[in-house]
Amino acid sequence: MFNIKKQIKRLYVASLFSNLSLSGAWVAILASRGFSLAQIGFAETVFHIVSLIFEIPSGALADVFGRKKTLIISCIMRIIANMVMIASNNFALVCLSIAFQALNYNFMSGSDDALAYDSLKSVGEEEKFDKYVSNQLVIYRTCEGLSTLTAGFALVLGYKISYASGVFFALFQLYILLGLTEIRLDEPKEKSSVKSEIAECFKQSFLFLKKESRTALLMLANSAVGALDILLLFFLQAKLPMANIPNWALGIALLVMQTGGMLGAKLALLCRKLNYYALFALDMALLLVAIALEHTAIYAVMTLGGFLATMSDDALQVRTNAILQQRFPSQQRATLISIESFSFSVVMIILSPLAGIFFTHW
């Protein structure tokens, strides 16, 4: 008999190991190796170009072949990415590692939420999905906070040992993923070629978005808010030292920013009755305040800006994900989640190099 508690627990533990490493402050690590902010911005662009190409196909593969299999592929991509970074002795190999990291993200992004929602729905507990998303965001922010808290330690150890920790945790992650149960809510169709199955998945997904234009707009708006938050946090890793923050305080400041996301994820559960448009307007206002605070060149005030940015982003993320999963058909669930990530990559490709140039001259 299917055990939903065991399934969700495994997804939580897999997420924990997925996000644990000493290389969380990768911007600071690359900066310490002598790479410029412009190069770092370009590396981020490489990540999103690869994501742009493979995001939607990876979601379709998850819907056709199974979400568990693509989660395992994601883990393998993570191992390769870390091993390439360990061996990197030039910027080209750094970009190659970033590309494999993008594939890790691609194969995971549509699969974990799709498997979680269908697992909950299979036992009539889909109303608990927003709690699941909230807990996953807390896990993510906690791991990111721990990674950035040890940023100074990672710089002392060196990038090779830092990325080796990623390989170590990925092996534990792989073990957990192998114990997941694949869930299918819809009856399988007549056996057809792989090519036609994937083509049909693409077709039905885009027909759905054409019909549900408000859902497509919701996905794009959520991507834009997430892009603003991530860019602010990325470049704060490099800009806080320029604001003369003490070395011992850098990790603490980055951890404080991540706790903003934890608070936002939990506040979203307490604000279920708040109108979505009101929540979106409030979050955008907080993001604008965060941008203003991060331009003060006062490291304590800049840290507060990062805190507000993550809080607003994660609060909106929990609410948006719950709404989207209710609307998505099960057969194209992973593909549609990947299309949202695709829109996020488009926004990031546009903004990343501009942000790199902007912060270089700020």
Side-chain angles (χ1 to χ4, degrees), residues 10-35 39-40 43-44 46-48 50-51 54-55 58 68-109 111-112 136-180 230 233-234 237-238 250-251 254-255 257-258 261 341:
R10 281 189 173 274
L11 285 169
Y12 284 148
V13 176
S15 177
L16 176 67
F17 283 117
S18 171
N19 289 292
L20 279 177
S21 76
L22 291 176
S23 57
W26 68 273
V27 173
I29 291 173
L30 286 181
S32 72
R33 294 178 63 185
F35 296 107
Q39 286 177 307
I40 293 170
E44 178 68 11
V46 169
F47 179 96
H48 291 288
V50 174
S51 290
F54 292 100
E55 183 62 68
S58 68
K68 175 182 174 178
K69 291 179 181 177
T70 49
L71 285 172
I72 291 171
I73 293 173
S74 167
C75 190
I76 294 171
M77 293 298 102
R78 180 190 178 192
I79 292 172
I80 295 174
N82 281 281
M83 292 181 69
V84 171
M85 188 63 83
I86 292 170
S88 67
N89 55 11
N90 55 54
F91 187 62
L93 284 178
V94 168
C95 289
L96 180 61
S97 172
I98 295 293
F100 276 109
Q101 192 62 52
L103 292 175
N104 164 40
Y105 172 80
N106 289 156
F107 281 100
M108 178 177 290
S109 64
S111 304
D112 51 358
Q136 285 285 38
L137 284 171
V138 169
I139 290 172
Y140 168 74
R141 293 297 184 185
T142 301
C143 292
E144 285 290 295
L146 290 174
S147 295
T148 51
L149 183 62
T150 58
F153 185 55
L155 294 178
V156 171
L157 290 176
Y159 71 92
K160 291 186 178 181
I161 295 178
S162 297
Y163 280 93
S165 72
V167 177
F168 177 77
F169 288 120
L171 293 174
F172 280 98
Q173 178 193 359
L174 183 59
Y175 172 76
I176 298 299
L177 291 174
L178 290 170
L180 289 172
I230 286 180
L233 294 185
F234 277 171
Q237 291 182 24
L250 176 59
L254 296 175
L255 176 61
M257 294 179 204
Q258 298 298 336
S341 295

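Source: prediction; values computed, not measured.
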Indicate the atoms forming the closest heavy-atom contact of [X] with [Y], along with that distance.
{"X": "C95", "Y": "V46", "result": "O-CG1, 3.7 Å"}
{"X": "D112", "Y": "L11", "result": "O-CD1, 4.5 Å"}
{"X": "I29", "Y": "L22", "result": "CD1-O, 4.1 Å"}
{"X": "S109", "Y": "E55", "result": "OG-OE2, 2.6 Å"}
{"X": "Q258", "Y": "L233", "result": "NE2-CD1, 4.3 Å"}
{"X": "F107", "Y": "M77", "result": "CD1-CG, 4.4 Å"}

message: By the side-chain hydrogen bond (donor to acceptor under 3.5 Å, both in side chains) test, which pairs, at least two apart or in different chains, include something from residues 83-101?
response: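 Listed once each, the pairs are R33-S88.
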
With [X] via side chain to side chain contact (heavy atoms under 4.5 Å, CB included) - residues at least two apart:
{"X": "Y140", "result": "N19, E144"}
{"X": "S21", "result": "S23, R78, S147, S165"}
{"X": "L171", "result": "I79"}
{"X": "I139", "result": "Y12, S15, L16, Q136, C143"}

Does any N or O in the side chain of [X] come within less than 3.5 Å of the main-chain N or O of [Y], such that one atom is a donor and the other an acceptor?
{"X": "R10", "Y": "I176", "answer": "yes"}
{"X": "K68", "Y": "L178", "answer": "yes"}
{"X": "S111", "Y": "T70", "answer": "no"}

- request: Could you check if a side-chain atom of Y105 sits within less than 4.5 angstrom of a side-chain atom of F47, using non-hydrogen atoms only?
  value: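 The answer is yes, as the side chains (C-beta and beyond) meet within the 4.5 Å cut-off.
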
Only counting residues at least two apart or in another chain, list the ones meeting side chain to side chain donor-acceptor pair (under 3.5 Å) with [X].
{"X": "T142", "result": "none"}
{"X": "N104", "result": "S74"}
{"X": "S162", "result": "none"}
{"X": "Y175", "result": "none"}

Residues in ring-ring contact (aromatic ring centres under 6.0 Å, His included) contact with Y163, at least two apart in sequence or another chain: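 Per chain and number, Y163 pairs via ring-ring contact (aromatic ring centres under 6.0 Å, His included) with no residue.
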
- prompt: Considering residues at least two apart in sequence or located in another chain, which fulfil the ring-ring contact (aromatic ring centres under 6.0 Å, His included) criterion with F54?
  reply: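 For F54, no residue satisfies ring-ring contact (aromatic ring centres under 6.0 Å, His included) once neighbours in sequence are set aside.
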
field: Separation between CZ of F168 and CZ of F17, rounded to the nearest 0.5 Å
entry: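 Between atom CZ of F168 and atom CZ of F17 there are 8.0 Å.
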
- prompt: Taking atom CD1 of I76 and atom CG of L177, what is their separation to the nearest 0.5 Å?
  reply: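 Those atoms lie 10.0 Å apart.
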
